[in-house]
Amino acid sequence: MTPFTAKVIAVIQAIPEGRVMTYGGVARAAGSPRAARQVVRILHSMSQKHKLPWHRVINAKGRVALEDESGSVQKLYLLGEGITFEADGSVNLELFQFMPEPEQEPEDYFLPPLE
DNA sequence: AAGGTGACTGTCA
DNA sequence: CTGACAGCCACCT
């Protein structure tokens with residue numbers, strides 16, 4: 001496991017319940033702004049073993065991945081955490097995106113007030 | 001070592 | 001608004 005991978009995993013595990021992050025957002029928080037696709041790869045291969053809240057990671061358009069398949073379990077998870085979806089099936093990133101400052105370490109992330 | 005790949009993203013029409 | 005395109009980066013073969 002590379003440092004980058006470890007960082008990404010730490011970031012994802014730090015996403016609080018009821019909030020989401022974009023792939024690019026995770027990449028930025030991990031210190032590699034353009035590595036969104038690598039984040040994808042990590043989720044794809046590590047989500048099982050590391051108990052990652054992968055369902056809290058969505059794309060920049062606010063849509064969940066694989067939403068066409070099997071009714072998208074991901075949406076159900078998110079709904080269960082209080083996240084709401086727009087009429088077009090996307091989540092309001094302005095409202096639910098969790099975007100820590102780049103300087104912060106995952107342990108220092110805090111839960112922004114949700115209003 | 002070179003080339004392929006992906007649960008992505010920003011830009012432009 | 002939607003869709004096509006071309007970068008993108010770290011990892012895998």
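Each chain gets a letter, A, B and so on, in the order the sequences are listed, and its residues count up from 1.
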Looking at [N], I'd like to know if its phosphate oxygens (OP1 or OP2) sit under 4.0 Å from a side-chain N or O belonging to [X].
X       : N      : result
A:Ser32 : C:dA10 : yes
A:His44 : B:dA7  : yes
A:Thr5  : C:dC11 : yes

Nearest to the side chain of A:Ala65, which nucleotide is it out of B:dT9, B:dA7, C:dC8? B:dA7
Over how many whole Å does the gap from [X] atom [atom1] to [N] atom [atom2] extend?
X       : N      : atom1 : atom2 : answer
A:Ile58 : B:dC8  : CD1   : C1'   : 12 Å
A:Met46 : C:dC12 : CE    : P     : 9 Å
A:Lys61 : B:dC8  : NZ    : P     : 9 Å
A:Ile9  : B:dA7  : CD1   : P     : 17 Å
A:Leu93 : B:dG10 : CG    : P     : 11 Å

Toward the 5' end of DNA chain B, which comes first, A:Gln38 or A:Gly25, by nearest nucleotide? A:Gln38
Does a distance-only test, which skips hydrogens and angles, find a donor-acceptor pair under 3.5 Å between the side chain of A:Arg37 and the base of B:dT9? no
Can a donor-acceptor pair under 3.5 Å be found between the side-chain atoms of A:Arg34 and the base atoms of B:dG10? no
Atom CD of A:Glu86 with >12 non-hydrogen neighbours under 6.0 angstrom: yes
Side chain of A:Gln97, backbone of A:Gly62: donor and acceptor closer than 3.5 Å? no
As its Watson-Crick or G-U partner within any shown strand, both distances under 3.5 Å, C:dC9 has B:dG6
